[in-house]
4 protein chains.
Amino acid sequence: MPRRHDPERRQRIIDAAIRIAEAKGIAGLSHRTVAAEADVPLGSTTYHFASLDDLLIAALEQVNSQPRCAVIGWEDGLTAVGIPGGVPLADALTQLLEEYAHGGRGRIRLEYELYLAALRRPRLQPLAAGCVDEMTEMIGRHTSDLATARVLVALIDGLLLQLLLTDRPFDRAEVRAALARVTGER
Amino acid sequence: MPRRHDPERRQRIIDAAIRIAEAKGIAGLSHRTVAAEADVPLGSTTYHFASLDDLLIAALEQVNSQPRCAVIGWEDGLTAVGIPGGVPLADALTQLLEEYAHGGRGRIRLEYELYLAALRRPRLQPLAAGCVDEMTEMIGRHTSDLATARVLVALIDGLLLQLLLTDRPFDRAEVRAALARVTGER
Amino acid sequence: MPRRHDPERRQRIIDAAIRIAEAKGIAGLSHRTVAAEADVPLGSTTYHFASLDDLLIAALEQVNSQPRCAVIGWEDGLTAVGIPGGVPLADALTQLLEEYAHGGRGRIRLEYELYLAALRRPRLQPLAAGCVDEMTEMIGRHTSDLATARVLVALIDGLLLQLLLTDRPFDRAEVRAALARVTGER
Amino acid sequence: MPRRHDPERRQRIIDAAIRIAEAKGIAGLSHRTVAAEADVPLGSTTYHFASLDDLLIAALEQVNSQPRCAVIGWEDGLTAVGIPGGVPLADALTQLLEEYAHGGRGRIRLEYELYLAALRRPRLQPLAAGCVDEMTEMIGRHTSDLATARVLVALIDGLLLQLLLTDRPFDRAEVRAALARVTGER
DNA sequence: GATGAATGAGAATTCATTCAT
DNA sequence: TATGAATGAATTCTCATTCAT
């Protein structure tokens with residue numbers, strides 16, 4: 001019984017693609033795996049997405065728009081507390097990273113896979129660069145200058161990368177100290 | 001034209017794999033592409049390397065052993081100058097990164113691809129982790145404590161990653177300032 | 001010459017697989033040999049059957065459903081004659097085996113190959129066991145108890161196996177006598 | 001350190017081949033698997049056996065010569081007891097089958113694989129036929145006539161086959177009763 | 001004698017994409 | 001509009017055998 005009108009099918013396919021990408025990596029994406037995961041006919045994936053690249057991009061765009069929500073929630077909390085005399089940025093970032101790290105490695109891994117995939121696929125580069133820029137901009141709203149924000153983003157990326165690679169547990173004090181060196185906080 | 005005796009066959013295959021990996025990424029490695037690049041029959045690659053993973057690891061090990069030489073050269077220079085009252089570490093690292101960045105993006109890209117590929121392929125993880133450790137240890141020889149070295153490595157990783165992703169040119173002053181924040185140099 | 005629409009493709013592949021299995025044995029089955037025999041592209045066999053095992057099973061199921069027809073025909077004749085005071089079972093079975101033996105060795109061979117292949121491939125075991133059970137049940141309908149039927153089936157299997165292995169011609173009297181020992185008929 | 005003179009190497013290869021065939025089936029035999037199992041260089045297997053078929057035959061010949069020892073032991077016991085007024089044949093055979101069945105399925109499976117392989121490979125046929133003949137001859141020494149022995153061998157083959165296929169446990173009483181029908185013992 | 005490198009064919013699968021329906 | 005059959009290239013890997021050393 002083919003569901004003729006299934007307006008959410010496109011979205012279901014994207015969601016399935018994200019699940020696959022988190023679980024098996026970007027390289028694990030294929031029309032077949034996605035169709036199976038989404039429980040839609042094979043032809044449906046090629047119908048809604050002209051090529052596999054299109055599907056990948058749609059999935060990654062959605063991934064990139066979602067975690068921002070979490071970060072924005074974080075930022076709201078930060079703002080509410082108030083910057084001057086409020087929570088030190090290093091503390092706030094440390095907490096964000098901790099949540100991030102504990103929120104399942106799947107999502108972070110996927111984000112870094114995006115970075116790397118972008119190195120080879122030009123169409124992904126704007127996405128990855130936008131990711132960095134957005135983060136920089138957001139952090140920049142809480143630093144005295146943009147240069148500091150850029151350094152913080154680089155440091156955060158490096159720290160997360162190491163976290164993923166080494167299986168060392170998240171060391172709050174160490175991360176906090178590292179960030180504080182850059183923010184100049186004590 | 002059967003080349004029945006070819007004592008350097010194995011090494012030639014590894015070299016070809018590195019060229020492929022630099023040019024097309026780790027994902028571009030396949031028995032076929034490597035065999036073609038090395039100008040050997042397809043079966044030869046599977047004879048010398050039981051699985052593609054084995055070949056990939058052999059190639060990456062070789063890649064990882066080479067750049068160290070460059071870095072060691074750098075370190076020798078640094079040592080020669082002498083640390084106390086000598087070249088500030090931030091300056092030395094900045095110069096190293098600059099050389100690294102200008103030395104063709106292929107090699108850096110490959111290194112970061114290694115990092116990220118390790119996220120999905122357990123057998124690569126020791127390689128990637130060893131890469132980080134080695135770098136940390138080396139830098140640690142020029143810092144007062146290891147914690148500082150770890151932060152520096154994270155920062156360097158983040159900076160190089162951004163460099164690769166954004167196509168922004170290498171900004172010596174900015175990088176130098178970022179590093180100085182961590183080393184505490186003025 | 002692309003035959004894009006071919007509604008009986010799946011069945012043709014199964015038929016080809018049976019021909020191959022009869023002619024070259026189960027070990028002779030491969031995507032390639034079947035595709036060539038069925039005159040379809042290689043990819044077509046893997047499209048319709050996710051794995052070679054699936055194809056093998058589909059083929060053997062079809063094989064197993066066919067000879068039953070012959071046996072059922074035999075059974076009908078037997079019933080018509082009537083058991084009490086009718087044709088002795090040993091005579092009827094002898095005639096069945098003779099027809100079976102003369103009906104080309106391909107089919108019997110294939111059946112015994114199924115048995116033996118089941119020893120190594122768990123997925124085939126239900127098929128082979130079902131084959132034995134069905135035969136037992138059918139013969140059981142003409143014996144006083146099931147134990148006798150089981151012994152008869154074992155004996156029949158052994159006799160056919162010897163027939164295949166030794167190239168001795170079918171000896172009606174000998175087979176009849178062997179069966180009669182078990183049925184208790186004189 | 002190549003062992004130049006290793007007079008038992010040939011035998012070690014055969015033994016390894018038997019282990020492989022028992023564990024993975026005849027289809028699991030290859031120069032490589034055998035060389036690995038025997039811990040000899042690959043070239044050694046092709047040196048001592050011109051083709052894989054030669055190796056297979058050598059292995060199966062050895063297999064066929066070994067279990068006979070067990071059977072001969074059994075026969076000796078049987079003879080000792082004495083036939084006339086001694087142990088009924090059905091009992092003795094039942095015990096033999098029981099030991100056989102409990103002695104690990106690997107060996108029986110291999111024997112039946114030999115039968116089946118013989119169906120397709122002419123060079124194996126003498127081996128398989130000889131196996132049957134030998135068994136017939138041996139049993140014939142304890143029956144009044146050869147016809148009875150032939151029937152017994154067929155029945156035994158069928159019973160063992162069913163045992164392997166159905167995973168039903170060995171039922172001593174049932175087997176004994178089946179054999180007794182043929183031997184005429186009560 | 002003995003060995004291991006070499007080779008080309010073939011194995012099972014997976015796949016992106018096209019296209020008739 | 002939607003689908004699933006179809007296809008041919010490409011994937012990794014195994015292998016029997018040959019042959020230079």
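In what follows, chains carry the letters A, B, and so on, assigned in the order in which the sequence lines appear, proteins first and then strands, with residues in each chain numbered from 1. Computed from a predicted model, the values in this text were never measured in an experiment.
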For DNA chain F, the expected dot-bracket line (Watson-Crick or G-U under 3.5 Å, [ ] crossing, | inter-strand) is .||||||||||||||||||||
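The nearest whole Å value for the distance from the CD1 atom in C:I13 to the C1' atom in F:dA5 is 11 Å. Put simply, CG on D:D39 is 11 Å from P on E:dG4, counting in whole angstrom units. One atom, CG of B:L42, and another, C1' of F:dA9, lie 14 Å apart when rounded to the nearest Å. Separating the CD1 atom of A:I26 from the P atom of E:dA16 is a distance of 14 Å, rounded to the nearest angstrom. A:F49 has its CZ atom 17 Å from the P atom of E:dT18, to the nearest Å. If you measure from atom CG of C:L52 to atom C1' of E:dG10, you get 13 Å, rounded to the nearest angstrom. Per the geometry, CG belonging to B:D54 stands 12 Å off C1' belonging to F:dT12, to the nearest Å. The separation between A:R12 atom CZ and F:dA2 atom P is 13 Å, rounded to whole Å.
One N or O donor and one acceptor, one from the side chain of D:R32 and one from the base of F:dA16, sit under 3.5 Å apart.
Across D:V40, D:L55, D:I18, a single residue satisfies side chain to side chain contact (heavy atoms under 4.5 Å, CB included) together with D:V34, and that is D:L55. Screening D:I108, D:L165, D:L110 for a side chain to side chain contact (heavy atoms under 4.5 Å, CB included) with C:L119, the sole residue that qualifies is D:L165.
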Evaluate side-chain contact (heavy atoms from CB on, under 4.5 Å) for D:F49 paired with D:R10, printing each intermediate quantity in order.
CA-CA 9 Å; D:F49 300 92; D:R10 198 187 135 92; 3.5 Å; yes
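Nucleic acid contact class of A:L55 (heavy atoms, under 4.0 Å, all strands): none.
Within the structure, a side-chain polar atom (N or O) of B:H48 is placed less than 4.0 Å from OP1 or OP2 of E:dA6. Within the 4.0 Å cut-off from OP1 or OP2 of F:dT17, not a single side-chain nitrogen or oxygen of D:T46 is found. Close to F:dA5, at under 4.0 Å from its OP1 or OP2, lies a side-chain N or O of C:Y47. Side-chain nitrogen and oxygen atoms of C:R9 include at least one within less than 4.0 Å of the OP1 or OP2 phosphate oxygen of F:dT7. Taking 4.0 angstrom as the limit, D:S44 places none of its side-chain polar atoms (N or O) nearer than this to OP1 or OP2 of E:dA2.
A salt bridge is defined here as a Lys NZ or Arg NE, NH1 or NH2 lying under 4.0 Å from an Asp or Glu carboxylate O, and D:D54 with D:R123 meets this definition. With respect to the salt-bridge test (charged N to carboxylate O, under 4.0 angstrom), the residues A:D39 and A:R12 do not qualify.
Looking at the side chain of C:H31, the nearest of the listed nucleotides F:dA2, E:dA16, E:dA12 is E:dA12. Checked against E:dC15, F:dT12, F:dT7, the side chain of B:S30 finds its nearest nucleotide in F:dT12.
Nearer to the 5' terminus of DNA chain F, by closest-nucleotide assignment, is the contact made by C:G43 (compared with the other of C:G43 and D:G28). Residues C:D53 and A:T45 each lie close to DNA chain E; by heavy-atom proximity, the contact nearer the 5' end of the strand is made by C:D53.
For B:L124 against B:L56, the heavy-atom pair with the smallest separation is CD1-CD2, 3.9 Å.
Within the 3.5 Å criterion, the main-chain N or O of B:I26 finds a donor-acceptor partner in the side chain of B:E113.
A donor-acceptor contact closer than 3.5 angstrom links the side chains of C:Q62 and C:D15.
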